[in-house]
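Remember, predicted model here, so these are calculated numbers, not experimental data. Numbers restart at 1 for each chain; the letters A, B, ... are given by sequence-line order, proteins then strands.
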Protein chains: 2
Amino acid sequence: MRVALGREDFKALRIAKASNVNLKQLSQLLGLSQTTVSRALNGYPEVNAETRERVLDAVRRTGYRPNRAAQRLATGRAGSIGLVMPTAHGYPSDVHFGEFLAGLGDEAVRHDFHFVINPSHPDDEEATCKRLVASGNIDALFIAYMREKDPRVALLKSLSIPFIVHGRSIGIPTDYPYLDIDNTAAFHDATKLLVQLGHRRIALLNGPAHFAFAIRRKKGLEAALAESGLRLDEACVQHSPMTDEHGFSGMKRFLDLPERPTAILCSSTVLALGAVRALNQAGLKLGSDVSLIAHDDVLPMLKPENFSVPLTTTRSSLRSAGSRIAKRLIARILNLETLPEQELWTAELIVRASTGPAPQPAGRANRRSPG
Amino acid sequence: MRVALGREDFKALRIAKASNVNLKQLSQLLGLSQTTVSRALNGYPEVNAETRERVLDAVRRTGYRPNRAAQRLATGRAGSIGLVMPTAHGYPSDVHFGEFLAGLGDEAVRHDFHFVINPSHPDDEEATCKRLVASGNIDALFIAYMREKDPRVALLKSLSIPFIVHGRSIGIPTDYPYLDIDNTAAFHDATKLLVQLGHRRIALLNGPAHFAFAIRRKKGLEAALAESGLRLDEACVQHSPMTDEHGFSGMKRFLDLPERPTAILCSSTVLALGAVRALNQAGLKLGSDVSLIAHDDVLPMLKPENFSVPLTTTRSSLRSAGSRIAKRLIARILNLETLPEQELWTAELIVRASTGPAPQPAGRANRRSPG
DNA sequence: CAAGTCTCTCAAAGCGCTTTGGACGAAAGA
DNA sequence: TCTTTCGTCCAAAGCGCTTTGAGAGACTTG
């Protein structure tokens, strides 16, 4: 029975508007059952198109918003995703984490999803994951900072909870859902550019050696060198947290080497910051005396184009990654269209002023040294 | 009727352990009503001490954890706190935000509280707050990045939702709950130290001018100068986002001034990063040619003691602030002991190597210039 | 000794939603 | 014409917790 809204109803409507309507009131207002209204809202097929329109219209007018707690209880879905945030003292990932989170949040808020943020010592992440899942109030988990043969992957599989990995482990089958950038290719291409510019001795300021991304980046560098018959000198490699200070000291060490590298690869613009500082201090000119390519996570606080000499970078937005991961995670939870399980993004190689031809060894202009 | 646990019960117990016990099962196991068990767990007085002990023991053995969604529904409390994260493109607060969030999360996870993180353009924060509150699934809100006469305070008051402000506005009554550090005092004391060291011309690399903290820091500087009969030259002040790049360019500008300042106050170690770079580039020695004091939020990625010349700082941990705010917010929601509504923390002035006596004007050693 | 007080416990009524298992006509097939 | 099948809709049973209102004993009190 369909009835036009009378004066009484409008009064109810106004009250409802003030004090948050619930499903019952809404259905009474419409002269429908809660079932039908609920179905209309959740896109079930067994409801008349016209009825659905009426419902949607009433929702707009009353400002009805389903109570998330009730939904969660009824569906058994927690409506929130877990986040393990590695934050030991001195742990350098905060900058990157904040940016990533912004992306996650952007997407999550659109679906009314919440976060359970669990800070944890990096060495304790496994236990934290377990605890988080056991708590029962997340229905998906996100993990990052993958290491070689990372035990968390197996753990999460065994816990049978939807999860997505940012990055990829190494040395275990990659049959889990991930989003990663092609670090190998990125650093391979960057190296190739440097080699094309005549650089023969290239150094690497990398992240901590136990992280998969760091391993891959080094591999990319080595592969590209090998293609030109060159080898990576281990003295030209530094693994360290990606802070300004490590960038500075690392670069300084490189410059003190008997055979000084002519080009540097940096795993982060934060590292590059320190590296450039060391370069300036040594009186070397970026882009001519020394070339540098950094990986750019697109941190708003540190733009490569704003460096005194704009930096050539391999770019991939951390924030977009966060947003994408949230989208996939939520789709997974809601059983919507199945998005691809595994994604490998390509970083863009953007050339700016920090790269240039290798300086010619004095007195031997334009000739390659023999042997 | 109190019954010892029989074989059947232990079987039930084992099953329960595997598949998450609920209150009903737990109460059956104990031969008590759900009411009593619930009360025992929530610390109500009308339950026998011995009974409570029995309940607690069973909880330990079964690993019972109340279903948060059900609790939320029954109590009407959302069990989560809202976070408006300002993240416009180029907005520089990420570093600080991440660190702060770690503190928040630390405390929140202890009480099973969730977050609703709502990224928002800084200029749109008011609307975002409104939307967040209206969504009905937060029961407290946290806001930061206070501006002069910030309209959000009045807004939140009118929305009658518990909230805490990180920082304090200026120009409106401070009768709302906040946690702030005494920025005026911090920069006053820092300035005083510099003046005692003989510095007469002091510059300020500050955060954006519309932020209350920036206004207060400038005020502190001016007050301390005034006490010694000195004035702040507006040419020696820069308001800008707190990025490395702005630190660099700002310092460069200062150094180009006809009357160059002998000391610099920095609102962030990130600014100091760029400032120090400019100093090095100009061939000036930090701590002797120029003194510098930075405010240190205790970011793990950027420690003042690790700078090539360790930085004198005014220190106050952002992370502790986050943790404290979460604690107060949660106490507020749960109506626990009433923690103080307003807190003003004092920043510590920690002297390291970046401060030293003012360089003597050439040819007039140890004498003050007349007039 | 009846009446009042405590102390401890319980049954049952929600909280606001989803979802199961029909019900009731109307259209379609036998 | 009588069954089937749809297409729409509904009543009611949860989801797992908190909380109200009361009851059964045990203990005081007048």
Item checked: Residue list, side-chain contact (heavy atoms from CB on, under 4.5 Å) with B/Glu46, at least two apart or on another chain -> B/Arg39, B/Tyr44
Checklist line | Nucleotide nearest B/Gln71 when distance is taken to its side chain, options D/dC17, C/dT18, C/dG16 | finding: D/dC17
Check: With sequence neighbours excluded, what pairs up with B/Phe142 under the ring-ring contact (aromatic ring centres under 6.0 Å, His included) test?
Finding: B/Phe100
Check: In chain order, what residues pass the side-chain contact (heavy atoms from CB on, under 4.5 Å) check against B/Arg77, with sequence neighbours excluded?
Finding: B/Thr75, B/Asp139, B/Ile333, B/Leu334
Checklist line | Non-neighbouring partners of A/Asp57 that pass side-chain contact (heavy atoms from CB on, under 4.5 Å), sequence neighbours left out | finding: A/Arg60, A/Arg61
Check: Quick one: is the NZ or CZ of A/Arg168 closer than 6.0 Å to the six-membered ring centre of A/Tyr176, and within 45° of its axis?
Finding: no
Next item on the list: Could you state the atom-to-atom distance from CG of B/Leu41 to C1' of D/dC17 in whole Å?
Entry: 11 Å
Margin query: On DNA chain C, compare the nucleotides closest to B/Leu32 and B/Leu73; which residue's is nearer the 5' end?
Written below: B/Leu32
Item checked: Partners meeting side-chain hydrogen bond (donor to acceptor under 3.5 Å, both in side chains) with B/Thr36 (sequence neighbours left out) -> B/Ser33
Note to self: Please report the distance, rounded to the nearest Å, between CG in A/Leu26 and P in C/dC17.
What the structure shows: 9 Å
Checklist line | Interatomic distance where CD belongs to A/Glu46 and P belongs to C/dT18 [whole Å] | finding: 13 Å
Check: What's the CD-C1' distance between A/Gln25 and C/dC17, to the nearest Å?
Finding: 13 Å
Margin query: So if I define the base as every atom that isn't primed, P, OP1 or OP2, how would nucleotides 19-28 of chain C read as a B/S/- string at a heavy-atom cutoff under 4.0 Å?
Written below: BBB-------
Notebook entry, point to check: Rounded to whole angstroms, how far apart are CG on B/Asp139 and C1' on C/dC15?
Noted result: 15 Å
Note to self: Applying salt bridge (charged side-chain N to carboxylate O under 4.0 Å, His left out), can you list everything that pairs with A/Asp150, at least two apart in sequence or on another chain?
What the structure shows: A/Arg152
Margin query: I want to confirm an ordering. Mapping B/Val37 and B/Ala70 to their closest nucleotides on DNA chain C, which one lands closer to the 5' end?
Written below: B/Val37
Note to self: Can you list everything that forms a side-chain contact (heavy atoms from CB on, under 4.5 Å) with B/Pro162? Sequence neighbours excluded, please.
What the structure shows: B/Ala140, B/Arg332
Item checked: For B/Arg52, all residues meeting side-chain hydrogen bond (donor to acceptor under 3.5 Å, both in side chains), sequence neighbours excluded -> none
Notebook entry, point to check: What is the distance, rounded to the nearest whole Å, between atom CZ of A/Arg68 and atom P of C/dG16?
Noted result: 16 Å
Check: Would you find a donor on one side and an acceptor on the other, under 3.5 Å apart, between the side chain of B/Ser169 and the backbone of B/Arg147?
Finding: yes
Margin query: Just to verify, what does B/Lys157 make a side-chain hydrogen bond (donor to acceptor under 3.5 Å, both in side chains) with, not counting sequence neighbours?
Written below: B/Asp175
Margin query: Is any side-chain heavy atom of A/Trp345 closer than 4.5 Å to one of A/Asp180?
Written below: no
Note to self: Tell me the bend of the helix from C/dC1-D/dG30 to C/dA30-D/dT1 as the angle between end helix axes, each from five pairs, rounded to the nearest 10 degrees.
What the structure shows: 60°
Check: Would you say a side-chain N or O of B/Thr51 is under 4.0 Å from OP1 or OP2 of C/dT9?
Finding: yes
Note to self: Rounded to whole Å, how long is the line connecting atom CZ of A/Arg72 with atom C1' of C/dT18?
What the structure shows: 15 Å
Next item on the list: Would you kindly give the CD-to-P distance between A/Glu53 and D/dT8, to the nearest whole Å?
Entry: 15 Å
Could you go over nucleotides 24-28 of chain D and give all protein N or O partners under 3.5 Å, atom names and distances?
none

